[in-house]
Student: 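Have a look at this one before I ask anything.
Order of the sequence lines fixes the chain letters, A, B, ..., with proteins taken first and strands second; residue numbering starts at 1 for each chain. Here the structure is a predicted model, which is why all the values come from computation and not from measurement.
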2 protein chains.
Amino acid sequence: MKNSRSVGELLREKREEKGLLLRHVSAELDIDTAILSKIERGERKANKEQIIKLAEILDLNKEDLVVQYLSEKILYEIKDEELGEKALKVAEQQIKYNNKKNSGQ
Amino acid sequence: MKNSRSVGELLREKREEKGLLLRHVSAELDIDTAILSKIERGERKANKEQIIKLAEILDLNKEDLVVQYLSEKILYEIKDEELGEKALKVAEQQIKYNNKKNSGQ
DNA sequence: ATTCAACTTGACAATATTTGTCAAATATAA
DNA sequence: TTATATTTGACAAATATTGTCAAGTTGAAT
């Protein structure tokens, strides 16, 4: 497997690497430091807009960060579901089927 | 692919097959007929509890219905996302990795 | 064409969840 | 200790979800 760091881990790592404080980054996001702290520790989820901004502020690869973010959203959705893994596979099938259809195949 | 009917289609088909009216089924669910109508036509989502009850009332395979229900929830979550499909795959990988870990491998 | 039952629609209300603030508590370091 | 950074939890505001209701539409049977 490639990279398995959570969004929060990625954010905190990079922020510290850059020597930025919560207050610096949260100011740019226009939120309280408390929320960013929670996001970094996985206690709260960021929203899409914040993820984009964070990628920019911290020079993180935007696509990688968004993919990890969406993946966590999906996993959150099915975290207590026995049938979650099955549902994931069905969802993939249904996306693929749709792609096919809409590309004229 | 096996079965690609949406939750709504499954519900309406089976309800009509059984000769039940919206009012019969919605009474058992303790909601207005309007909502059930919308659920069947895909205009609203049911919640988990309702899905379970509906499977019972309509003699639908509970597992199949729940899987389709969860799949639709997942797809809804990423419907406007370019990176949705990628995120789905990452989510699967991460579930698998977790399974491994927690089974002592 | 009128009537009747089933269903649909959309405006709105209630409730739940998400997203945020703030102030106090806890580290960490000088 | 003092100062700064982070964390915590109670609460408030904003948003999304879930529901009701009443009026509108549809279709079948007079």
Side-chain angles (χ1 to χ4, degrees), chain A residues 6-55 57-58 65-66 68-81 84 87, chain B residues 6-55 57-58 65-66 68-81 84 87:
Chain A
S6 71
V7 166
E9 284 168 346
L10 289 169
L11 296 177
R12 175 144 298 185
E13 238 169 59
K14 203 66 188 293
R15 175 174 64 78
E16 292 182 338
E17 216 175 287
K18 299 201 120 199
L20 296 170
L21 299 178
L22 283 177
R23 118 176 97 81
H24 297 135
V25 177
S26 65
E28 290 213 54
L29 293 179
D30 195 28
I31 56 174
D32 196 275
T33 59
I35 294 186
L36 185 54
S37 167
K38 285 166 187 170
I39 290 171
E40 287 184 347
R41 286 171 301 105
E43 195 185 308
R44 290 242 184 143
K45 285 175 299 179
N47 61 38
K48 181 84 183 292
E49 199 190 341
Q50 292 166 339
I51 288 295
I52 299 297
K53 261 196 172 175
L54 282 164
I57 295 167
L58 300 176
L65 192 63
V66 169
Q68 181 59 34
Y69 164 71
L70 291 175
S71 168
E72 285 175 22
K73 262 178 76 167
I74 291 167
L75 291 171
Y76 179 79
E77 195 81 22
I78 59 176
K79 67 180 181 325
D80 301 321
E81 296 292 345
Chain B
S6 70
V7 166
E9 285 167 347
L10 289 169
L11 295 177
R12 175 144 298 185
E13 238 169 59
K14 203 66 188 296
R15 176 174 64 80
E16 291 183 339
E17 215 176 288
K18 299 202 119 199
L20 296 170
L21 299 179
L22 283 178
R23 107 177 106 81
H24 298 136
V25 177
S26 65
E28 290 213 55
L29 292 179
D30 194 28
I31 56 175
D32 196 275
T33 59
I35 294 184
L36 185 54
S37 166
K38 285 166 186 170
I39 289 171
E40 287 184 349
R41 285 172 301 105
E43 195 186 311
R44 290 241 184 144
K45 284 176 297 178
N47 61 37
K48 181 84 183 294
E49 199 190 341
Q50 292 167 339
I51 288 295
I52 299 296
K53 263 197 169 174
L54 283 163
I57 296 167
L58 300 176
L65 191 63
V66 169
Q68 180 60 34
Y69 164 71
L70 291 175
S71 168
E72 285 174 21
K73 262 178 76 168
I74 292 167
L75 291 172
Y76 179 80
E77 195 81 23
I78 59 175
K79 68 179 182 326
D80 300 321
E81 296 292 346

Student: With a 4.5 Å heavy-atom cut-off, do B:Leu75 and B:Lys79 have their side chains touching?
Tutor: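 No, side chains not in contact.
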Student: Is the phosphate of D:dT7 approached by A:Arg12 (side-chain N or O, under 4.0 Å from OP1 or OP2)?
Tutor: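 The answer is yes; a side-chain N or O of A:Arg12 sits under 4.0 Å from OP1 or OP2.
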Student: So which one's nearest nucleotide on DNA chain D is more toward 5', A:Glu16 or B:Ala34?
Tutor: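 The residue closer to the strand's 5' end, by nearest nucleotide, is A:Glu16.
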Student: Closest approach to the side chain of B:Arg44, judged atom by atom: which nucleotide of D:dT18, C:dT8, D:dT8 is it?
Tutor: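 For the B:Arg44 side chain, the nearest candidate turns out to be D:dT18.
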Student: Cut-off 3.5 Å, no hydrogens considered: what does the side-chain donor-acceptor table look like for residues 30-39 of chain A, sequence neighbours left out?
Tutor:
unit_1	atom_1	unit_2	atom_2	d
A:Asp32	OD1	A:Ala34	N	2.8
A:Ser37	OG	A:Arg41	NE	3.2
A:Ser37	OG	A:Arg41	NH2	3.0

Student: Please report the distance, rounded to the nearest Å, between NZ in B:Lys38 and P in D:dC21.
Tutor: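 Distance, rounded to whole Å: 13 Å.
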Student: Report the distance from atom CD1 of B:Ile35 to atom C1' of C:dA6, rounded to the nearest whole Å.
Tutor: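 About 17 Å, once rounded to whole Å.
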Student: May I ask you to decide if A:Glu28's main-chain N or O and A:Lys53's side chain share a donor-acceptor pair within less than 3.5 Å?
Tutor: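 Yes; judged by distance alone, with no hydrogens or angles, the pair exists.
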Student: Donor-acceptor check, side chain of A:Gln50 to backbone of A:Asn47, threshold 3.5 angstrom: yes or no?
Tutor: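 Present.
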Student: Rounding to an integer number of Å, can you tell me how far A:Leu22 CG sits from C:dA27 C1'?
Tutor: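 Distance, rounded to whole Å: 13 Å.
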Student: Just how far, in rounded Å, is C1' of D:dT7 from CG of A:Leu36?
Tutor: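 Distance, rounded to whole Å: 12 Å.
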Student: Do any of residues 23-33 of chain A sit with a heavy atom less than 4.0 Å from DNA chain D, and if so which?
Tutor: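 By residue number: A:Arg23, A:Thr33.
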Student: Rounded to the Å, how far apart are A:Glu40 CD and D:dA5 P?
Tutor: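 About 14 Å, once rounded to whole Å.
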Student: State which of C:dC7, D:dG19, C:dT18 makes the closest approach to the side chain of A:Tyr76.
Tutor: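 Taking heavy atoms from C-beta onward, the closest nucleotide is C:dT18.
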Student: Hey, does the side chain of A:Arg15 come within less than 4.0 Å of D:dA5's phosphate (OP1/OP2), counting only N and O?
Tutor: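 No, no such contact exists.
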Student: About how many Å separate CG of B:Leu20 and CG of B:Leu58, when rounded to the nearest 0.5 Å?
Tutor: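 Output value for this atom pair is 6.5 Å.
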Student: Taking salt bridge (charged side-chain N to carboxylate O under 4.0 Å, His left out) as the criterion, tell me which of A:Lys45, A:Arg15, A:Lys14 meets it with A:Glu40.
Tutor: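 Looking at A:Lys45, A:Arg15, A:Lys14, the match for A:Glu40 under the salt bridge (charged side-chain N to carboxylate O under 4.0 Å, His left out) is A:Arg15.
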Student: Scan B:Leu21 against the nucleic acid and name what it touches under 4.0 Å (heavy atoms): base, sugar-phosphate only, or nothing.
Tutor: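 Touches sugar-phosphate only.
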Student: Provide, to the nearest angstrom, the distance between the CG atom belonging to A:Asn47 and the P atom belonging to C:dT18.
Tutor: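 Rounded to the whole Å, the gap is 13 Å.
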Student: Have a look at A:Gln50 and say if it touches a base, only the backbone sugar-phosphate, or nothing, with a 4.0 Å heavy-atom cut-off.
Tutor: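 Sugar-phosphate: the residue A:Gln50, judged by heavy atoms under 4.0 Å, touches backbone atoms but no base.
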Student: Please state whether the phosphate of D:dT8, meaning OP1 or OP2, lies under 4.0 angstrom from any side-chain nitrogen or oxygen of A:Arg41.
Tutor: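 Yes, because at least one side-chain N or O of A:Arg41 sits under 4.0 Å from OP1 or OP2 of D:dT8.
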Student: Tell me the interatomic distance from B:Glu49, atom CD, to C:dT15, atom P, rounded to whole angstroms.
Tutor: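 My rounded result for the distance is 16 Å.
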Student: Using atom CG of B:Leu20 as one end and atom P of C:dA6 as the other, report the distance to the nearest whole Å.
Tutor: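 Distance check: B:Leu20 CG to C:dA6 P gives 12 Å.
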Student: Centre of B:Tyr76's six-membered ring, under 6.0 Å away, within 45 degrees of the axis: is that where NZ or CZ of B:Lys73 sits?
Tutor: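 Relative to the ring axis of B:Tyr76, which defines the angle, B:Lys73 lies outside at least one limit.
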